Visitor: 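Please read through the structure below; I'll follow up with questions.
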Amino acid sequence: MERTYAMIKPDAVKAGNAGNIIARIETEGFKIAGMKRIRVSLAQAQAFYAVHKARPFFGELTEFLSSGPVVAMVLEKDNAVKAWRDLMGATNPAQAEANTIRKLYAKSIGENAAHGSDAPETAAEEISFFFAAAELV
Ligand code: UDP
Ligand code: MG
């Protein structure tokens, strides 16, 4: 069983879509091993997205992630990393497949409802960034 890090971003929490997204995660057969609703600080957002620090959208991205509460989750499933990215859909909701989380709930590439790790190695790093081992049950 693989684990991935998933996060409902501030736009979707603010819009009241967290419950629908969590229900969909369960319907699609993921086990939620950890979950918490938190406010990410700007410094945490900058550390979490450090891989993007040279990109022109880094300032907006980190300000957005720290702009309101998020729901941080650890999901378990066979091939969880790919399965969650497939369920989220493309980064730009305009290019996301029908019925994906981003097609259903995202407004724009910047405010795109959800995050998912891009590989098992980054999943392990992102999980430990937000969760202690004892919080995963
Ligand atoms: N992003 C953006 N503009 C871009 C590319 C990305 O605002 O041109 C934001 C978007 O919110 C995305 C995040 O930066 O989710 C991280 O980008 P990445 O390429 O890692 O996309 P993801 O893995 O989230 O699909
Ligand atoms: Mg990414």
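All ligand and atom numbering here is 1-based and tracks the order in the structure. Sequential numbering from 1 along the given sequence is applied to the chain's residues. Predicted model, so just to flag it, every value in this text is computed and none were measured.
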Visitor: Among all the protein's non-hydrogen atoms, which is closest to atom 23 (O) of ligand 1, and how far away is it?
Guide: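 Looking only at protein heavy atoms, the one closest to atom 23 (O) of ligand 1 is Arg85 NH1, 3.0 Å.
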Visitor: With respect to atom 19 (O) of ligand 1, which of His115, His52, Arg102 exhibits the smallest heavy-atom separation?
Guide: His52
Visitor: Which residue owns the protein heavy atom closest to atom 13 (C) of ligand 1, what's the atom, and how far is it?
Guide: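 Scanning the protein heavy atoms, the shortest distance from atom 13 (C) of ligand 1 goes to Leu61 CD1, 3.8 Å.
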Visitor: Under 4.0 Å from ligand 1, counting heavy atoms only, is it the side chain of Ile109, its backbone, both or neither?
Guide: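 Both of them.
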Visitor: Determine, for Phe131 and Lys36, whether the Lys NZ or Arg CZ falls below 6.0 Å from the six-membered ring centre while staying within 45 degrees of the axis.
Guide: yes
Visitor: When you check the side-chain N and O atoms of Glu126 and Ser117, is any donor under 3.5 Å from an acceptor?
Guide: yes
Visitor: Give the numbers and elements of all ligand 1 atoms closer than 4.0 Å to a heavy atom of Asn112.
Guide: 10 (C), 11 (O), 12 (C), 15 (O)
Visitor: Check contact between Arg55 and ligand 1, using heavy atoms of the residue and a distance below 4.0 angstrom.
Guide: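 So Arg55 does not count as touching ligand 1.
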Visitor: Please say yes or no: joined through hydrophobic side-chain contacts below 4.5 Å, possibly via intermediate residues, are Leu65 and Met35 part of one cluster?
Guide: no
Visitor: Should one rank Phe57, Phe58, Tyr49 by closest heavy-atom distance to atom 4 (C) of ligand 1, which comes out on top?
Guide: Phe57
Visitor: List ligand 1 atoms under 4.0 Å from Lys9, heavy atoms only on the residue side.
Guide: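 Counting atoms of ligand 1 from 1, those under 4.0 Å from Lys9 are 11 (O), 12 (C), 15 (O).
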Visitor: Check His115 against Arg102 and note the closest heavy-atom contact, atom names and distance.
Guide: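 Answer, listing the atom of His115 first, then Arg102: CA-NH2, 4.4 Å.
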Visitor: What part of Glu60, side chain, backbone, both or neither, has a heavy atom within less than 4.0 angstrom of ligand 1?
Guide: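 Neither part.
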Visitor: Students should be able to answer this: which protein heavy-atom is nearest to atom 7 (O) of ligand 1, and at what distance?
Guide: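 I find the closest protein heavy atom is Gly110 CA, 3.6 Å.
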Visitor: Report the C-alpha separation of Ile8 and Val70 in whole Å, then their side-chain angles, then the decisive distance to 0.1 Å, and conclude whether the side-chain contact (heavy atoms from CB on, under 4.5 Å) test is met.
Guide: CA-CA 6 Å; Ile8 304 173; Val70 303; 6.0 Å; no
Visitor: Around atom 25 (O) of ligand 1, find the nearest protein heavy atom and jot down its residue, atom name and distance.
Guide: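 Atom 25 (O) of ligand 1 sits closest to the protein heavy atom Thr91 OG1, 2.5 Å.
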Visitor: Between CG of Asp11 and CG of Asn112, what distance do you get to the nearest 0.5 Å?
Guide: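 Interatomic distance, Asp11 CG to Asn112 CG, rounded to 0.5 Å: 7.0 Å.
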Visitor: Under a single-linkage definition using a 4.5 Å side-chain heavy-atom cutoff for Ile, Leu, Val, Met, Phe, Trp and Tyr, are Phe48 and Leu61 assigned to the same hydrophobic cluster?
Guide: yes
Visitor: Measure from NZ or CZ of Lys53 to the centre of the six-membered ring of Phe58, then state whether that distance is under 6.0 Å and the direction lies within 45° of the axis.
Guide: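 Output no; distance or angle outside limits.
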